[in-house]
Visitor: 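Dropping a structure here in structure tokens format, bear with me for questions.
Note that the structure is a prediction, hence the values are computed from the model and not measured. Residue indices begin at 1 and follow the sequence shown.
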Amino acid sequence: MDSHPPPIRVLLIDPNKEDREYWTERLTISSPTFSVLEAETGAAGLAICQSQRIDCVVLELTLPDMSGFQVLTRLIPSAYRQELPVILFSRRALPVTRRIAMTNGAWAYLLKDTLPGHELGMAVERAIAAVAFQKRHRWQASVPKRHERP
């Protein structure tokens, strides 16, 4: 019997091949449990999410076929019921962009140019843990409490 935990499947959606290679390498170095899948367009990323189990999506804001915000709102239709952690990352440092991302359900908005390589892996782990905690909390809140007899 295999006692190894299943890999943490991270989908990296970024049109820039060099960026994808760099961040894939950083993720796999930061945790041997990460299995990184790559997509260069929003449509390809969404197709992967529909066909495979993904634990976290790391999403570039600027994509060739649609905006990262369009992908975000398709992955997280309700910002208040996150089922899949999504981390937006970009080179755009506009506060309004970060605010829009967070309001629409992104777990984090990180800047590529200032992000140390190991911190993306830590952000992925925190995002997965936070969404899992929220799911458990929602589930526990929805289970009727059993009343014990005295």
Visitor: How long is the straight-line distance from CD of Glu125 back to OG1 of Thr33, given to the nearest 0.5 Å?
Guide: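 Result: 6.0 Å between the selected atoms.
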Visitor: Please list all pairs passing the side chain to side chain donor-acceptor pair (under 3.5 Å) test where one or both residues lie in residues 36-54, with sequence neighbours left out.
Guide: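 Sorted result for residues 36-54: Arg9-Gln52, Arg20-Glu38, Thr24-Glu38, Arg53-Asp55.
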Visitor: Taking CZ in Arg98 as the centre, count heavy atoms belonging to other residues, nucleotides or ligands within less than 6.0 Å. Is the count above 12?
Guide: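 Count not over threshold, so no.
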Visitor: Tell me the closest heavy-atom pair linking Thr97 and Tyr109, and the distance in Å.
Guide: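 Looking at all heavy atoms of both residues, the closest pair is CG2-OH, 3.3 Å.
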Visitor: Supply the members, apart from Phe34, of the Ile/Leu/Val/Met/Phe/Trp/Tyr cluster built from side-chain contacts under 4.5 Å; use none for a lone residue.
Guide: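 Answer for Phe34: Ile8, Val10, Leu12, Tyr22, Trp23, Leu27, Val36, Val58, Ile87, Phe89, Leu110, Leu115, Leu120, Val124, Ile128.
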Visitor: Could you report the tightest heavy-atom contact between Cys49 and Leu84, atom names first, then the distance?
Guide: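 The pair with the smallest heavy-atom distance is SG-CD2, 4.4 Å.
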Visitor: Hey, could you give me the CZ/OG distance between Arg26 and Ser31, rounded to the nearest 0.5 Å?
Guide: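 Separation between the atoms: 14.0 Å.
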Visitor: Give the minimum heavy-atom separation between Thr103 and Arg99, together with the two atoms involved.
Guide: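 Closest heavy-atom pair between Thr103 and Arg99: OG1-O, 2.7 Å.
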Visitor: Are Leu11 and Met66 in one and the same hydrophobic cluster, where Ile, Leu, Val, Met, Phe, Trp and Tyr link if side-chain heavy atoms are under 4.5 Å apart?
Guide: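 Result: yes, single cluster for both.
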Visitor: Measure across Leu61 and Arg92 and return the closest heavy-atom pair with its distance rounded to 0.1 Å.
Guide: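 The answer is CD2-CD, 4.0 Å.
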Visitor: Which atom names give the shortest non-hydrogen contact between Leu63 and Pro15, and what distance separates them?
Guide: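 So the two residues come closest at CD2-CD, 3.6 Å.
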Visitor: Using atom types as modelled and distance alone, determine if a side-chain donor or acceptor of Asn104 lies under 3.5 Å from a backbone N or O of Leu72.
Guide: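 No; judged by distance alone, with no hydrogens or angles, the pair does not exist.
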Visitor: Tracing side-chain links under 4.5 Å among I, L, V, M, F, W and Y, which residues wind up in one group with Met122?
Guide: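 Taking Ile, Leu, Val, Met, Phe, Trp and Tyr as members, Met122 stands alone, with no cluster partners.
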Visitor: Hey, are the side chains of Val71 and Leu46 touching, using non-hydrogen atoms and a 4.5 Å cut-off?
Guide: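 Yes, their side chains come closer than 4.5 Å.
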Visitor: Could you give the distance from NZ (Lys112) to CG (Asp19), rounded to the nearest 0.5 Å?
Guide: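 These two atoms lie 3.5 Å from each other.
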Visitor: I need the minimum non-hydrogen distance between Ile48 and Ala39, along with the two atoms involved.
Guide: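 Heavy atoms of Ile48 and Ala39 come nearest at CD1-CB, 4.1 Å.
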